Participant: 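Encoded as structure tokens, here's the structure I'll be asking about.
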Amino acid sequence: EVQLQASGGGLVQAGGSLRLSCQLSGFTFDEYIIGWFRQAPGKAREGLSGISSTTGGTWYADSVKGRFTTSVDIVKNKAYLQMNGLKPEDTAVYYCAAREMGTFHTLVAAPNIFDYWGQGTLVTVSS
């Protein structure tokens, strides 16, 4: 059974950094994509980043490009989202998700194409 568990959220001041982790288990795919998403109160879930487990190729939303970095450690079965230069508007519940690459070759983190989701972790950025 594929499972993901996100952790690392917390309270941070504007300009600060946090690293979110996503523990992966039950993965049997040849290649998979890990996506990071967030959802603020009253807003739609937003895709932030996508990374391939085999090529390391990445995609970032414009809202986080240059500030957030995603990575995956196959040996540790973990994915990460390093968040720097945090802003109050980054406050949200953050989720990691996964899908098998299959024949749909895109790294874009569109919520509707991801099959497996972890529980969220809350990030609060104070001004």
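Just so you know, these numbers use all the heavy atoms, side chains as well, and skip hydrogens, waters and symmetry mates. Everything quoted here is computed from the prediction, not taken from an experiment.
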Participant: Can you find a pair of side-chain heavy atoms, one from Asn77 and one from Gln23, that are under 4.5 Å apart?
Facilitator: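 Yes, their side chains come closer than 4.5 Å.
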Participant: Before you tell me yes or no, could you show the steps for Arg99 and Ile113 under side chain to side chain contact (heavy atoms under 4.5 Å, CB included), namely the whole-Å CA-CA distance, both residues' side-chain angles and the distance that decides it to 0.1 Å?
Facilitator: CA-CA 7 Å; Arg99 67 172 188 88; Ile113 65 173; 3.7 Å; yes
Participant: Between atom NZ of Lys78 and atom CG of Leu20, what is the distance when rounded to the nearest 0.5 Å?
Facilitator: 11.5 Å
Participant: Within the structure provided, determine whether Glu1 and Gln3 are in side-chain contact (heavy-atom separation under 4.5 Å).
Facilitator: yes
Participant: Is it true that Phe29 and Leu24 fall in one hydrophobic cluster, defined by side-chain heavy atoms closer than 4.5 Å?
Facilitator: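 Yes, Phe29 and Leu24 fall within the same hydrophobic cluster.
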Participant: Please tell me whether Phe37 and Leu18 are part of a single hydrophobic cluster in this structure, the criterion being side-chain heavy atoms less than 4.5 Å apart.
Facilitator: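 No, it is not one cluster - the side chains of Phe37 and Leu18 are not joined through contacts under 4.5 Å.
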Participant: According to a 4.5 Å side-chain heavy-atom criterion applied to Ile, Leu, Val, Met, Phe, Trp and Tyr, with indirect links allowed, do Val64 and Tyr80 form part of one hydrophobic cluster?
Facilitator: no
Participant: Working to the nearest 0.5 Å, report the span between CD1 of Ile51 and SG of Cys96.
Facilitator: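 Nearest 0.5 Å value for the CD1-SG distance: 13.0 Å.
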Participant: What's the spacing between Asp73 CG and Ser21 OG if we round to 0.5 Å?
Facilitator: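 Nearest 0.5 Å value for the CG-OG distance: 10.5 Å.
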Participant: Report yes or no: does Thr124 contribute a side-chain atom to a donor-acceptor pair with the main-chain N or O of Leu11 at less than 3.5 Å?
Facilitator: no
Participant: What pair of heavy atoms forms the shortest contact from Cys22 to Leu4, and how long is it?
Facilitator: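 Heavy atoms only, the tightest pair is SG-CD2, 3.6 Å.
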Participant: Hydrophobic clusters here meaning ILVMFWY residues chained together by side-chain heavy-atom distances under 4.5 Å, can you tell me if Tyr116 and Ile74 are in one?
Facilitator: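 Yes, one cluster joins them.
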Participant: May I ask you to check whether Trp36 and Phe68 place their ring centres under 6.0 Å from each other?
Facilitator: no
Participant: Give every residue pair that meets the disulfide (SG to SG under 2.5 Å) criterion with at least one member in residues 25-54, sequence neighbours excluded.
Facilitator: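 Every pair satisfying disulfide (SG to SG under 2.5 Å) with a residue in residues 25-54: there are none.
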Participant: Scan residues 54-66 for pairs that pass side-chain hydrogen bond (donor to acceptor under 3.5 Å, both in side chains), counting only residues two or more places apart or in two chains.
Facilitator: Glu31-Thr54, Glu46-Ser63, Ser52-Thr54, Ser52-Thr55, Asp62-Lys65
Participant: Taking all atoms of both residues into account, what is the closest heavy-atom pair of Ala40 and Thr91, and its distance?
Facilitator: CB-O, 3.7 Å
Participant: How many angstroms lie between atom OG of Ser49 and atom CD1 of Ile33, to the nearest 0.5 angstrom?
Facilitator: 11.0 Å
Participant: Measure the OG1-CG distance between Thr69 and Asn84 for me, rounded to the nearest 0.5 Å.
Facilitator: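 Rounded to the nearest 0.5 Å, the OG1-CG separation comes out at 6.5 Å.
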Participant: Going by side-chain contact (heavy atoms from CB on, under 4.5 Å), Met101 matches just one of Leu107, Thr106, Asp30. Which one?
Facilitator: Leu107
Participant: Should the pair Phe27 and Tyr32 be assigned to parallel (<30°), tilted (30 to 60°) or perpendicular (>60°) ring geometry?
Facilitator: perpendicular
Participant: Within the structure provided, determine whether Ser17 and Met83 are in side-chain contact (heavy-atom separation under 4.5 Å).
Facilitator: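 No, their side chains stay 4.5 Å or more apart.
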Participant: Taking all heavy atoms of Leu122 and all of Ala92, pick out the closest pair and write down the distance.
Facilitator: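 Taking Leu122 first and Ala92 second, the nearest heavy atoms are CD1-O, 3.6 Å.
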Participant: Could you give the distance from CG (Leu81) to CZ (Arg19), rounded to the nearest 0.5 Å?
Facilitator: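 Reported to 0.5 Å precision, the distance equals 10.5 Å.
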Participant: Does either side chain, that of Tyr94 or that of Arg38, offer a donor lying less than 3.5 Å from an acceptor on the other one?
Facilitator: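 Yes - a donor-acceptor pair under 3.5 Å links their side chains.
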Participant: Measure from NZ or CZ of Arg45 to the centre of the six-membered ring of Tyr95, then state whether that distance is under 6.0 Å and the direction lies within 45° of the axis.
Facilitator: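 Yes - Arg45 lies over the ring of Tyr95, closer than 6.0 Å to its centre and within 45° of its axis.
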Participant: Do any N or O atoms from the side chain of Arg67 and from the backbone of Gly85 form a donor-acceptor pair under 3.5 angstrom?
Facilitator: yes
